[in-house]
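Just so we're clear, the structure is a prediction, and the values are computed from it rather than from any experiment.
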There are 2 protein chains.
Amino acid sequence: MRSRTREKSEPGTRGELRAVDGLAQLSFLIHGTLERRAAEHDVSMTQTRLLGVLRDRTPTINELAKLLALDKSSTSGLVARAERRGLVARIPSTTDRRSVEVALTDAGRSLVAQVSASFEADVSKLLDRLRRSDRDALTSLVSRLLAAHATAHGVDLFATTDTQAPQRR
Amino acid sequence: MRSRTREKSEPGTRGELRAVDGLAQLSFLIHGTLERRAAEHDVSMTQTRLLGVLRDRTPTINELAKLLALDKSSTSGLVARAERRGLVARIPSTTDRRSVEVALTDAGRSLVAQVSASFEADVSKLLDRLRRSDRDALTSLVSRLLAAHATAHGVDLFATTDTQAPQRR
DNA sequence: TATTGTTATACTCTATAACTATA
DNA sequence: TATAGTTATAGAGTATAACAATA
């Protein structure tokens with residue numbers, strides 16, 4: 001993260017950050033933006049991730065645990081707290097009486113939509129600091145980078161839900 | 001974050017992510033990379049941030065709290081846990097007997113260096129998936145984006161310590 | 001009186017282990 | 001027996017409020 005030595009890539013303009021540092025800073029900036037927007041609605045990143053995942057799914061606790069890369073007990077508690085706040089609902093499965101399905105409530109859907117919208121606005125505003133052509137170039141490069149990474153890891157890039165941080169534990 | 005509607009910027013290649021989605025995904029990817037590397041050494045992002053900040057500073061608890069954007073009580077506990085693990089040391093201030101200075105121990109310095117190195121290697125490896133020219137272009141664009149953002153917010157971009165997420169609270 | 005740091009308390013988030021109910 | 005989910009327990013991380021020591 002630190003280190004002023006420039007081994008690889010010594011790009012053009014002076015005062016430029018090393019590639020790694022620049023990407024790291026940008027990541028923290030964007031991550032922090034989402035965190036701040038979520039906090040405005042009194043939800044943590046974890047809760048936001050939960051709500052984000054539920055936007056297009058109604059998973060069981062077990063499935064949810066896999067999606068969020070959490071233990072089922074952690075997931076159970078996470079859902080319990082969200083339920084207490086009226087953001088999600090537990091729906092008993094009709095096929096397996098051991099299972100429950102977790103679904104967004106209207107309040108939960110509304111909340112995640114608001115957080116989403118303000119976060120996207122923030123990132124758009126950030127991008128607007130670049131000229132249109134640079135913006136397009138950046139988008140293209142980032143897309144290719146992600147695509148290359150996904151291919152190399154056998155991940156389905158376009159299936160990934162966005163709010164969901166690629167965590168493991 | 002979701003939404004397939006493409007208002008702004010409809011860049012070149014098909015199957016390309018929206019600008020916002022791409023940046024968000026990349027951010028989570030990089031954030032997760034650091035988290036995973038830190039976890040390999042049994043330290044959380046918070047502890048990593050603490051150690052990162054201390055690499056080139058010996059702040060008081062109060063200063064540390066400002067640097068990490070945490071309450072002083074949270075900082076006190078954070079330092080206490082790190083101290084218990086032998087990663088940092090509390091040094092009584094000679095000028096103000098109420099104050100303590102927090103410094104990395106050798107173990108702490110070694111740990112943060114290792115996490116740093118493996119994280120940088122990860123990001124470098126990610127970047128190596130692009131052609132040299134694309135890599136340089138990306139670096140340049142990211143640098144300019146961060147510079148523009150920093151200027152617009154009166155932040156000292158090049159003074160920022162890298163591991164340190166730009167959080168507020 | 002004001003400031004520095006710690007402590008008490010409370011809540012979220014996480015994991016492991018033990019348990020219940022169902023399959 | 002195996003699986004789905006919850007609960008008990010423990011610890012990190014966070015904040016607010018109250019406190020002790022020093023300025």
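- For C:dC11, the OP1/OP2 oxygens have no side-chain nitrogen or oxygen of A:Arg81 closer than 4.0 Å.
- Across all strands shown, A:Thr60 has heavy atoms under 4.0 Å from sugar-phosphate atoms exclusively, and none from any base.
- Among the nucleotides D:dA12, D:dA15, C:dT12, the one closest to any side-chain atom of B:Arg84 is D:dA12.
- Here A:Ser99 lies in heavy-atom contact (under 4.0 Å) with sugar-phosphate atoms only.
- Taking every side-chain heavy atom of B:Gln47 into account, D:dG13 is the closest of D:dG13, C:dT22, C:dT12.
- Here D:dA12 presents its C1' atom at 15 Å from CG of A:Leu70, a figure rounded to the nearest Å.
- Atom-to-atom, CZ of A:Arg49 to P of C:dC13 comes out at 11 Å; the value is rounded to the nearest Å.
- Contacts of B:Arg90 with the nucleic acid, taken as non-hydrogen atoms under 4.0 Å apart, involve only primed sugar atoms and P, OP1 or OP2.
- Remark: A:Arg18 engages A:Asp21 in a salt bridge, criterion side-chain N to carboxylate O under 4.0 Å.
- Contact record, B:Ser44 with B:Ala38: O-CB, 4.5 Å, taken as the closest heavy-atom pair.
- What separates CG of B:Leu50 from C1' of D:dA12 is a distance of 13 Å, to the nearest Å.
- Here the P atom of nucleotide C:dT4 and the CD1 atom of B:Ile91 are 19 Å apart, to the nearest Å.
- Counting only heavy atoms from C-beta on, B:Asn62 has its side chain closest to C:dG5 among C:dG5, D:dA12, D:dG13.
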Next item on the list: Could you walk me through whether A:Arg131 and A:Asp134 pass the salt bridge (Lys or Arg N to Asp or Glu O under 4.0 Å) test, one step at a time?
Entry: CA-CA 5 Å; A:Arg131 282 200 308 275; A:Asp134 286 345; 3.5 Å; yes
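- Which of D:dT22, D:dT7, D:dA17 sits closest to the side chain of A:Ser73 comes down to D:dT7.
- Atoms NZ (B:Lys72) and P (C:dT7) sit 13 Å apart, rounded to a whole Å.
- One atom, CD of B:Glu35, and another, P of D:dA12, lie 17 Å apart when rounded to the nearest Å.
- You'll find a donor-acceptor pair under 3.5 Å spanning the side chain of B:Arg98 and the base of C:dT3, going by distance alone.
- Rounding to whole angstrom units, CG of residue A:Leu64 and P of D:dA4 are separated by 14 Å.
- One finds a salt bridge joining A:Arg135 and A:Asp128 here, because a Lys/Arg side-chain nitrogen approaches an Asp/Glu carboxylate oxygen to under 4.0 Å.
- Residue-to-nucleotide proximity on DNA chain C shows that, of A:Asp96 and A:Asp71, the 5′-proximal contact is made by A:Asp71.
- For A:Glu83 and D:dG5, the CD to C1' distance is 13 Å, given to the nearest whole Å.
- A salt bridge links A:Arg37 with A:Glu40: the distance from a Lys NZ or Arg NE/NH1/NH2 to an Asp or Glu carboxylate oxygen falls below 4.0 Å.
- Listed nucleotides: D:dA15, D:dG13, C:dT14. Nearest to the side chain of B:Ser74: D:dA15.
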